[in-house]
Colleague: 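Can you keep this structure in mind? I'll have questions shortly.
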2 protein chains.
Amino acid sequence: MAAKQTVLLLGATGETGSSILEGLLEANQFNVEILVRPSSAEKPAVKKIVSRGVRLRVAELGAPADELAKVLSGVDILVSAIGPQDCLQQKVLVKAAKDANVERFVPCAFITIAPPKGVMLLRDEKEEVYNEIKRLALNHTIIDVGYWHQISFPRVPSGRVDYATVIMDNTIHADGNAPNILTDLRDIGRFVARIITDERTLNKYVYTWGDVLTENEIFSIVEELSGEKIEKNYVSAETIEKQAQDAAAELSQNPQDPSKRYPAYISQYQYSKYVRQDNRPWYAKFLGYLDARELYPDFKPISFRECVQEALDGKGRRPYSG
Amino acid sequence: MAAKQTVLLLGATGETGSSILEGLLEANQFNVEILVRPSSAEKPAVKKIVSRGVRLRVAELGAPADELAKVLSGVDILVSAIGPQDCLQQKVLVKAAKDANVERFVPCAFITIAPPKGVMLLRDEKEEVYNEIKRLALNHTIIDVGYWHQISFPRVPSGRVDYATVIMDNTIHADGNAPNILTDLRDIGRFVARIITDERTLNKYVYTWGDVLTENEIFSIVEELSGEKIEKNYVSAETIEKQAQDAAAELSQNPQDPSKRYPAYISQYQYSKYVRQDNRPWYAKFLGYLDARELYPDFKPISFRECVQEALDGKGRRPYSG
């Protein structure tokens, strides 16, 4: 029997990274290891992962490529779920991965479908990393997941899903009819585990999805499952576009300030998802993405309805809540 | 019978544009029209095309998108073979083509295979146009052709191909073993005529080729066909890389100066083709290009040998010689 492939995961304690870690372990076909910064090696979340038998590799991402290449020795597949603030640090990792003969690099994508440049800062910075990957001819797969089920459902008047939702103001953006690609956070890792060993996805873009739903459909599902009537607050396309422009202008004053970056991310997501309507299958196909559901017809993703039902049943979990 | 599709060609009097014009007319299935600037409308080369029954549309490329959109009214396919100095003027054309419901835009690509960013200025500027196309979700096809047969063969000692060659110093770059994608200039238009009506190429990258040859193979072919021994001059990879860096540094002092741009184009071509070895089928596939020869197995391109034999027979033509 061939030795298991070694998959090294960067960002394993984040939301996306945690899902990928679980998906890789669940697949039971990889030697899973994680890469952390020296400052994170002693963190409880990291120790918890190590206690499950996952090997730890430690490196400063700002290190020279030749030092990083040594740390990547023996890695077959490198998966990055680095935080948005540190996205561009992946550029040196690309060089190191090439030098270390990593067979496939999965850079941190894992967002909505959006054009390569000029709409979302989050995507623009990833594009710089993708261009570096292409320049160095490093084998790769870029995986986007749309928006998560977990951050896509509104609260209901009784307050019983407040503990699990991030959409507290029940906003409908524009007319609420923009279709959006959604993936359950927990399915990301399961998709990743399949995609990274698939020859068909080598040097390709792939998107995952559990559902494709408009906000109006989402609100209807929640009303149906909860039996509660939800009051909707509308924000116009013009307002969304202006908010995105204003946030970008604010950020340009101080491009590295996280307190300016996050509002830009959020408002650009809204502009891209609801005004431009980028995050949908048609546009993904236009941009050259493969559809993970077509690649894996047997894969049964968690539906949006199931995720909402769990929240109503008190079994939900709000992302970023630790 | 369905009406013929209207194909509007920009840059019809250039080398690439002329080939495309001939290919489109030869296909005998399009309503072929050309787009020229007001300052070019009275030029003999334009009048000569018009005298063949090709309709002329006139527009200033710097015009607002809504004015340009009117000029594009009724155009099904827009093909751009604009000069490198004016590449970025295509951005407004993208908007106009979207507004005018052009079914497919073929932006000016038609160069060697190279990464999207950071190696060739020529490619970097095209990438800006491609990104605009993607941002506006305009249907498109990007067609690259490698280097032309016509500018790839050396002189022979007797001087009998001097009239037709541009490689007067018989340089071998690095070790001369880098494979390069080559297309006969006259075949570009024939490939284009097929590609632009092909559903398989919609929103895809495609490359054409007649041969894939190294410089050493090229010199051998010319020696064999001419019966003459060619003296080779070698330039090292390090020198080529330094020349590319120096030319880029020079250009950065005055980015719009054509006298600085052309040396940068040439030295970056050499660096990309012979040091990085970008212009080859493996890298094209890596970058997601379709192979036009796989798409059209019945297409018989003009081989490099045929092109050299023509030159030896006195039937060659040096590009850019009017």
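Remember, predicted model here, so these are calculated numbers, not experimental data. The chains referred to below are lettered A, B, ... by the order of the sequence lines, with proteins before strands, and numbering in each begins at 1.
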Colleague: Would you mind telling me which of G118(A), A114(A), P116(A) has the largest number of heavy-atom pairs within less than 4.5 Å of chain B?
Modeller: P116(A)
Colleague: K204(B), R135(B), K117(B), K285(B): which one forms the most heavy-atom pairs within less than 4.5 Å of chain A?
Modeller: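 Of K204(B), R135(B), K117(B), K285(B), R135(B) has the most heavy-atom pairs under 4.5 Å with chain A.
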Colleague: Quick one: do D278(B) and S272(B) satisfy side chain to side chain donor-acceptor pair (under 3.5 Å)? Show the steps, please.
Modeller: CA-CA 6 Å; D278(B) 290 328; S272(B) 174; 2.7 Å; yes
Colleague: If the plane angle is over 60° it's perpendicular, under 30° parallel, otherwise tilted; pick one for H173(B) and Y274(B).
Modeller: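 Plane angle under 30°, so parallel.
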Colleague: Give me the one residue out of E128(B), E125(B), E132(B) that meets salt bridge (charged side-chain N to carboxylate O under 4.0 Å, His left out) with K91(B).
Modeller: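 Going through E128(B), E125(B), E132(B) one by one, the salt bridge (charged side-chain N to carboxylate O under 4.0 Å, His left out) with K91(B) is satisfied by E128(B) alone.
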Colleague: Ring centres under 6.0 Å, that's the criterion: do Y269(A) and Y147(A) meet it?
Modeller: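 Yes.
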Colleague: Against chain A, label Y283(B) side chain, backbone, both or neither, depending on which of its atoms sit under 4.5 Å from a heavy atom there.
Modeller: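 Only the side chain of Y283(B) comes within 4.5 Å of chain A.
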